[in-house]
Amino acid sequence: MDPVGLAYLGAGLGAGLAIIGAAAGIGRLAGSAMEGIARQPQSAATIQTAMLIAAALIEGIAFLALVICFLMSLK
Amino acid sequence: MTETEAEAAIDAAEHGAGGFDPGASILHHIVDSNYLEVPIINYKIQLPQIHLPEALGGLDISITKHVVMMWIACGILLLAFTVAARRRSESVPHGLRNALEVMMAYMRDEVARKSIAVGPDRFVGYLMTTFFFILTCNLLGLVPGMATATGNISVTAGLALMAFFMIQMGGIREYGVIQHFKNLVPHGLPLWLVPVVFVLELLSSFIKPFALCIRLFANMMAGHVVILAFISLIFILSEFWYAVAPLSVAFSLFVYLLEILVAFLQAYIFTMLTAQFIGMSVHPAH
C-alpha cells in the first residue's frame, strides 16, 4: 500500500479515536453534572462552573490530538 | 517552493484555475499573511514587511494580517470602554455601559474573587483585559473579511506567556521566591516522594500555560476549518451543487452560530483557568 495513503488513513483514524475519548469523557462529565443538578438544584451554578472547567480540560487535549491529525493530513 | 510561488499556488486553488484544492483553500483562510483582503471587490492591501537589521538577529517583525486584527481589537476596546466610562455619571446604567458592566462585574465577582482566595482585586485588571481582548479577537474572526488573531498559535502563545508570568509572579509576590517553589510540594508527604512530586509539579506549571495556548488556538482554528470544510463541499461535489449547496450553507450557518458561543466560552475558559491557576499559586493547598 502507498505510504502516503497509509498516512492519511492514520490521520483519519487518529481523529476518530481522539473524538471517541473526548466524547466518552465529556459524556460522563455531563451525565454526572446533570445528576448532581437534579439532586441539588440549588447548587446548579457551582456545578456548571466546575463542569465547564473540566470539559475545557478534556476538550483541550482532544483538540491537541485533532490538530496533530489535521497537520498530518495536510503534509 | 518560495513564498511567492506558494501564494500563487494558493491563489490558483482558491480562484478556480486548475481545479479546487480544499486543503490549500482552507489553510489560506486560517494562516497569517502579509496582506489584507477586502472581500467582494477582491482587493489586496499589502502590509509593510520589516526585518530587523542583521546585527540585531535579522528577526522578522513584519506587520501581518493578524497583527492588524489585534490592533483593530484594541481600537474597538479602547473606544467601547472610553464611551462606557464617560457615562459613569448615569445613576442607572443602560446601553453599552450596561452590557460591559454586566461582564465586568461577572469577571470580578464570579471569576476573580471566587478563584483567588488572597487579594483577588489585584488580578482583576489583568483578567478583565485578557477576557475582553480574547473575546474581541474571537468575534472579529467571525466578521467577513476579518481574520481570527486568536487562531494563530503565536498570539495564543503570547497570551499564555503572560498568564504564566502572572501565575508565577502572583505566588512569588505572596511568599517570596524560595517559599513559592517550596509550595509546589504539599505538606506531609513521605520524604522519598518529595523530589518526584516537585519535578512533576514544576513540569505542570509549564504545561498549564501550554495547554491554555493550545486550547484557545485549536478551538478557534477548528471552528473555522469546519465552516470552510462545509463550504468546500459545494465545490468538491460541484456536479450536484443544487443538492449540496443548501445543506452546506445551512450546516455552516449552524456552525457559525455555534462559533459565537465558542468565542464567548473560550474567552471565559481562558480567563477562568488563569484565575484558578493564579489562585492555586497565591493560596496553595496545605
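Sequence lines set the chain letters: A, B, ... in the order given, protein chains first and strands last, and positions in each chain run from 1.
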*What part of B:Leu216 lies closer than 4.5 angstrom to a heavy atom of chain A: side chain, backbone, both or neither?*
neither
*Ionic contact status for B:Asp121 with B:Arg113, cut-off 4.0 Å*: yes
*asked:* Hydrogens and angles aside, do B:Asn219 and A:Glu59 bring a side-chain donor and acceptor to less than 3.5 Å of each other?
replied: yes
*For residues B:Phe164 and B:Phe206, establish whether the separation of their ring centroids is below 6.0 Å.*
yes
*Within the side chain of B:Thr136, is there an N or O that forms a donor-acceptor pair under 3.5 Å with the backbone of B:Ala73?*
no
*Atom group of B:Gln276 that falls short of 4.5 Å from chain A, counting heavy atoms*: side chain
_Top contributor to chain B contacts, counting heavy-atom pairs under 4.5 Å, from A:Ile53, A:Leu66, A:Ile61_ = A:Ile53
*Below 4.5 Å from any heavy atom of chain B, which atoms of A:Leu52 appear? Answer side chain, backbone, both or neither.*
both
